[in-house]
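These values consider heavy atoms only, across backbone and side chains, with no hydrogens, waters or symmetry-generated copies. For ligands, and for the atoms within them, numbers begin at 1 and follow the listed sequence. The structure presented is a predicted model; accordingly, all values stated were derived computationally and were not measured.
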Amino acid sequence: MAAPHPKDPGTRSTAAVLRFAPSPNGLLHLGHALSAFENRAMADRLGGRLLLRIEDIDTTRCRPDFEAAAREDLAWLGLSFDGPVRRQSDHSDAYRAALDRLDAMGLIFASFESRSELKALADRREAETGHPWPRDPDGAPLYAGRGRSLSREARSGLIAAGQPHALRLDMAAALARIGAPLGWTEVDEAGRPAREVIAHPERWGDVVLARKDVGTSYHLSVVVDDALQGVTHVVRGLDLIEATAVHRLLQDLLGLPVPLYRHHRLITGPDGRKLSKSEQATGLRALRGAGATPADVRRMIGIDS
Ligand code: GLU
């Protein structure tokens, strides 16, 4: 549990808590800078704390040198964080416990098809029906495999035999369990409620919550951490707004508190697309190497005030 903010020792239960949560699977770019500055600005406005969380559950892609580079780049920008840093790879037990709870509620099933098999299955359904098979907001076909029909014994046997698999949320069962429609409050840059958003978790189908090689997913670990860290305001890019629907569903199923959300504008490249970690030109390190200052970065992302 993080220590109370030194400036605000008496009002801890009501003080705002925000987090910036990069994944160290590449170098930070201008989009990360915007997100970090947006978080810092709102935390300061609300007199709250800003935590740094390292989202490194995918050990096949995350690297300690990327984490070190991220922390150095953030310090170069003049961004500071409050309280201890939480590194997700240190907390797999917490995510496992949440997964076990959902499993005990009968909401988890295992699937053993590979991504390419699932794509072929969706293509076949499209050919059979003449209609496009639905895709999730990331563009992947909704799950059309037979995992849900496997018995518990068959599932345990395959897992024990070391078969690659994904553990999925049974979306229909999860929605039936919560009953009421889901939504969240979107706040403006000052943290004031601006609009109510209806959540559509069904758009994700039977979303993956863990895999054999990565024992949790972004969706599961982020809701567990936001709750454990007492996060009151989640500030992140618009590219994650559809994911928030899954987060709202998981919060309701697990009985977790619901933060306020702000999904901010994205920085796009010259081609109009969202920046990626592999594009050198917009990387903070490359810009710094080319002589840019933190003030230049602020101007480039449009927060020169
Ligand atoms: N780790 C995510 C990313 O780097 C951010 C997650 C979040 O803010 O919820 O895109």
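Considering Arg236, His264, Arg40 in turn, His264 is the only one that fulfils the side chain to side chain donor-acceptor pair (under 3.5 Å) rule with Ser35.
In this model, no donor atom of one side chain and acceptor atom of the other lie less than 3.5 Å apart for Tyr218 and Asp58.
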For each nitrogen or oxygen atom of ligand 1, which protein N/O atoms lie closer than 3.5 Å, and how far apart are they, rounded to 0.1 Å?
from	atom 1	to	atom 2	distance (Å)
ligand 1	1 (N)	Ala21	O	2.7
ligand 1	1 (N)	Ser23	OG	2.9
ligand 1	1 (N)	Glu55	OE1	2.6
ligand 1	4 (O)	Ser23	N	3.4
ligand 1	4 (O)	Ser23	OG	3.4
ligand 1	8 (O)	Arg19	NH1	2.9
ligand 1	9 (O)	Arg19	NH2	2.9
ligand 1	9 (O)	Tyr218	OH	2.8
ligand 1	9 (O)	Arg236	NH1	2.8

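Looking at Arg19 and Asp225, no side-chain N of the basic residue comes within less than 4.0 Å of a carboxylate O on the acidic one, giving no salt bridge. With salt bridges taken as basic N to acidic carboxylate O contacts below 4.0 Å, one links Asp65 and Arg63.
Formation of a donor-acceptor pair under 3.5 Å by the Arg53 side chain with backbone atoms of Arg86 is not found in this model.
Ring to ring, Trp184 and His247 are not that close: their centroids are 6.0 angstrom or more apart.
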